[in-house]
Asker: 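Below is one structure. I have some questions about it.
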Amino acid sequence: MNTLKLGIPKGSLQNATINLFEKSGWKINVNDRSYFPDINDETIACSICRAQEMSRYVESGTIDAGLTGKDWIEENESDVEVVDDLVYSKVSANPARWVLAVPADSDIRRLEDLEGKKIATELVNFTRRFFEQRGIDVKVSFSWGATEAKVVSGLADAIVEVTETGSTIRAHGLKIIHELMQTNTQLIANREAYADPWKRAKIEQIILLLKGALRAEHLVGLKMNLPLDKKEAIIALLPSLNAPTIAGLYNTDWVSVETVVDTRTVRDLIPRLMQAGAQGIIEYNLNKVI
């Protein structure tokens with residue numbers, strides 16, 4: 001039987017990834033004592049590994065495909081096939097940012113002000129290349145964690161750290177002076193594995209359904225009944241992926257309308273629909289929108 005070796009990122013992205021797969025139709029059961037979780041698909045063999053190392057395993061062929069951050073692919077300079085972007089995270093649906101931060105009262109305001117200074121980060125290789133390309137001489141050291149504290153304790157003049165909202169950095173009395181890169185989760189594949197027709201088809205099935213599940217997180221379905229004489233006015237209120245579906249109600253001069261709308265519009269849209277004459281409005285969640 002053909003089998004796809006799939007890498008699931010360990011750590012902060014693990015739960016978000018497993019939840020996304022469940023919405024897509026794959027149930028992954030993780031045992032805390034095992035790095036090889038069960039999945040309800042006999043053609044997939046899962047492995048748990050750190051996002052920081054995933055691209056190396058994929059490049060070497062130890063894993064056929066995996067999910068990791070764009071940042072770690074660049075950090076490792078891995079030669080892999082980037083299948084597609086998947087913008088999700090542990091906190092929000094926004095891309096994370098690697099930023100340069102210094103103490104709030106620091107005189108450092110520009111990149112050039114860091115000449116001869118010390119920078120602490122987990123993203124060492126990328127940070128070194130970033131400053132080398134700009135001709136700025138800095139000393140970059142690896143931080144094993146609690147990177148913000150390195151500046152506070154005087155072990156570094158600045159840090160390069162990942163953030164989604166910037167709140168943790170500000171809470172440590174730091175200020176952001178430059179954004180080095182935006183990053184998000186990507187599905188990557190070993191080049192040889194991606195050239196195999198069966199594995200490529202399986203990888204493309206996975207990305208299709210994962211993206212469908214992500215798209216559905218921002219949408220809801222709406223169903224309602226409305227009188228024929230108010231149909232045009234009410235339908236004009238409806239934003240939609242496509243034209244709404246309309247069906248006549250048996251032996252009445254009413255119709256049933258069903259559509260898909262952005263979750264952010266629903267709280268304002270429903271009262272307007274009711275005022276326009278819609279009745280029996282039902283809002284329901286979506287698993288996937290393909």
Asker: Would you say Leu111 and Leu123 are hydrophobically clustered, going by side-chain heavy atoms of ILVMFWY under 4.5 Å?
Answerer: yes

Asker: Would you list the pairs meeting side-chain hydrogen bond (donor to acceptor under 3.5 Å, both in side chains) in which at least one residue belongs to residues 281-290, sequence neighbours left out?
Answerer: Glu258-Tyr284

Asker: Consider only side-chain heavy atoms of I, L, V, M, F, W and Y, link residues closer than 4.5 Å, and tell whether Ile63 and Leu187 are in one cluster.
Answerer: no

Asker: Kindly state each residue pair satisfying side-chain hydrogen bond (donor to acceptor under 3.5 Å, both in side chains) with at least one member in residues 261-282, sequence neighbours excluded.
Answerer: Asp262-Arg264

Asker: Looking only at heavy atoms, what is the nearest atom pair of Ile28 and Cys46, with distance?
Answerer: CD1-SG, 4.4 Å

Asker: Hey, does the side chain of Thr68 reach the backbone of Ala51 with a donor-acceptor pair shorter than 3.5 angstrom?
Answerer: yes

Asker: Working to the nearest 0.5 Å, report the span between NZ of Lys70 and CD1 of Ile188.
Answerer: 13.5 Å

Asker: Just verifying a value: how many Å separate Asn15 CG and Leu20 CG, rounded to the nearest 0.5 Å?
Answerer: 12.5 Å

Asker: For residues 172-190, pull every pair meeting salt bridge (charged side-chain N to carboxylate O under 4.0 Å, His left out), keeping only residues two or more places apart or in separate chains.
Answerer: Arg97-Glu179

Asker: Out of curiosity, does Ile207 fall in the hydrophobic cluster containing Leu6 (side-chain heavy atoms, cut-off under 4.5 Å, transitive links)?
Answerer: yes

Asker: Apply side-chain contact (heavy atoms from CB on, under 4.5 Å) to Ile176 and Ile169, showing your working.
Answerer: CA-CA 8 Å; Ile176 296 170; Ile169 289 175; 4.1 Å; yes

Asker: Taking side-chain hydrogen bond (donor to acceptor under 3.5 Å, both in side chains) as the cut-off, I'd like each qualifying pair that reaches into residues 130-139, sequence neighbours left out, listed once.
Answerer: none

Asker: Count I, L, V, M, F, W, Y as connected when their side-chain heavy atoms are under 4.5 Å apart, and connections chain through other members. Are Ile159 and Leu114 then in the same cluster?
Answerer: no

Asker: For Lys150, check side chain to side chain donor-acceptor pair (under 3.5 Å) against everything at least two apart and list the hits.
Answerer: Ser143

Asker: Please check: side-chain N/O of Asn190 versus main-chain N/O of Val58, any donor-acceptor pairing under 3.5 Å?
Answerer: yes

Asker: Which atom pairs, one a donor and one an acceptor, fall under 3.5 Å between side chains of residues 192-199 and the rest of the protein, sequence neighbours left out?
Answerer:
| from | atom 1 | to | atom 2 | distance (Å) |
| --- | --- | --- | --- | --- |
| Asp196 | OD1 | Trp198 | N | 3.1 |
| Asp196 | OD1 | Lys199 | N | 2.9 |
| Lys199 | NZ | Asp64 | OD1 | 3.3 |
| Lys199 | NZ | Asp64 | OD2 | 3.3 |

Asker: Taking distance alone, no hydrogens or angles, what donor-acceptor pairs closer than 3.5 Å link side-chain atoms of residues 221-238 to residues at least two apart or in another chain?
Answerer:
none

Asker: Going through the distances and angles, do Val260 and Leu286 end up as a side-chain contact (heavy atoms from CB on, under 4.5 Å)?
Answerer: CA-CA 9 Å; Val260 174; Leu286 305 168; 3.9 Å; yes

Asker: Would you say the side chains of Tyr88 and Thr17 form a donor-acceptor pair under 3.5 Å?
Answerer: yes

Asker: Run the side-chain contact (heavy atoms from CB on, under 4.5 Å) test on Val102 and Leu174 for me, step by step, so that the C-alpha distance in whole Å, both residues' side-chain angles and the decisive distance to 0.1 Å come before the verdict.
Answerer: CA-CA 5 Å; Val102 298; Leu174 306 178; over 6 Å; no

Asker: With sequence neighbours excluded, what pairs up with Lys23 under the salt bridge (charged side-chain N to carboxylate O under 4.0 Å, His left out) test?
Answerer: Glu217

Asker: Checking the side chain of Thr43 only, and the main-chain atoms of Asn2 only, is there a donor and an acceptor separated by less than 3.5 Å?
Answerer: no

Asker: Going by the salt bridge (charged side-chain N to carboxylate O under 4.0 Å, His left out) test, which pairs reach into residues 34-46, not counting sequence neighbours?
Answerer: Asp41-Lys202

Asker: Hey, what do you get for CD1 (Ile44) to CG (Leu4), rounding to the nearest 0.5 Å?
Answerer: 6.0 Å

Asker: Let me have the donor-acceptor pairs involving side chains of residues 71-83, under 3.5 Å, with sequence neighbours excluded, atom names and distances please.
Answerer:
| from | atom 1 | to | atom 2 | distance (Å) |
| --- | --- | --- | --- | --- |
| Asp71 | OD1 | Thr183 | OG1 | 3.3 |
| Asp71 | OD2 | Trp98 | NE1 | 2.7 |
| Glu75 | OE1 | Asn125 | N | 3.1 |
| Glu75 | OE1 | Phe126 | N | 2.8 |
| Glu75 | OE2 | Val124 | N | 3.1 |
| Glu75 | OE2 | Asn125 | N | 3.0 |
| Asn76 | OD1 | Arg56 | NE | 3.3 |
| Asn76 | OD1 | Arg56 | NH2 | 3.1 |
| Asn76 | ND2 | Gln52 | O | 2.9 |
| Asn76 | ND2 | Ser55 | OG | 3.0 |
| Asn76 | ND2 | Trp72 | O | 3.1 |
| Ser78 | OG | Ser55 | OG | 2.7 |
| Asp79 | OD1 | Arg191 | NE | 2.6 |
| Asp79 | OD1 | Arg191 | NH2 | 3.1 |
| Glu81 | OE1 | Arg191 | NH1 | 2.9 |

Asker: To check you understand the geometry: which heavy-atom pair defines the closest contact between Thr147 and Ala120, and what is its length?
Answerer: CG2-O, 3.6 Å

Asker: Listed by chain and number, what are the side chain to side chain donor-acceptor pair (under 3.5 Å) partners of Thr252, not counting sequence neighbours?
Answerer: none

Asker: Do you know which two heavy atoms are closest between Cys49 and Tyr57, and how far apart they sit?
Answerer: SG-CD1, 3.8 Å

Asker: Please determine whether residues Phe36 and Ile206 belong to a single hydrophobic cluster, defined as Ile, Leu, Val, Met, Phe, Trp and Tyr linked transitively by side-chain heavy-atom distances below 4.5 Å.
Answerer: yes

Asker: Check the pair Phe131 / Leu100 against side-chain contact (heavy atoms from CB on, under 4.5 Å), numbers first and verdict last.
Answerer: CA-CA 11 Å; Phe131 281 95; Leu100 181 73; 4.3 Å; yes

Asker: Which pairs pass ring-ring contact (aromatic ring centres under 6.0 Å, His included) with one or both residues in residues 163-189, sequence neighbours excluded?
Answerer: Phe130-His178

Asker: What distance do Asp84 atom CG and Gln186 atom CD have between them, rounded to the nearest 0.5 Å?
Answerer: 8.5 Å

Asker: Where do Ala96 and Val162 come nearest, in terms of heavy atoms and distance?
Answerer: CB-CG2, 3.8 Å

Asker: Within this structure, what is the CG-CD1 distance for the pair Leu273 and Ile281, rounded to the nearest 0.5 Å?
Answerer: 5.0 Å

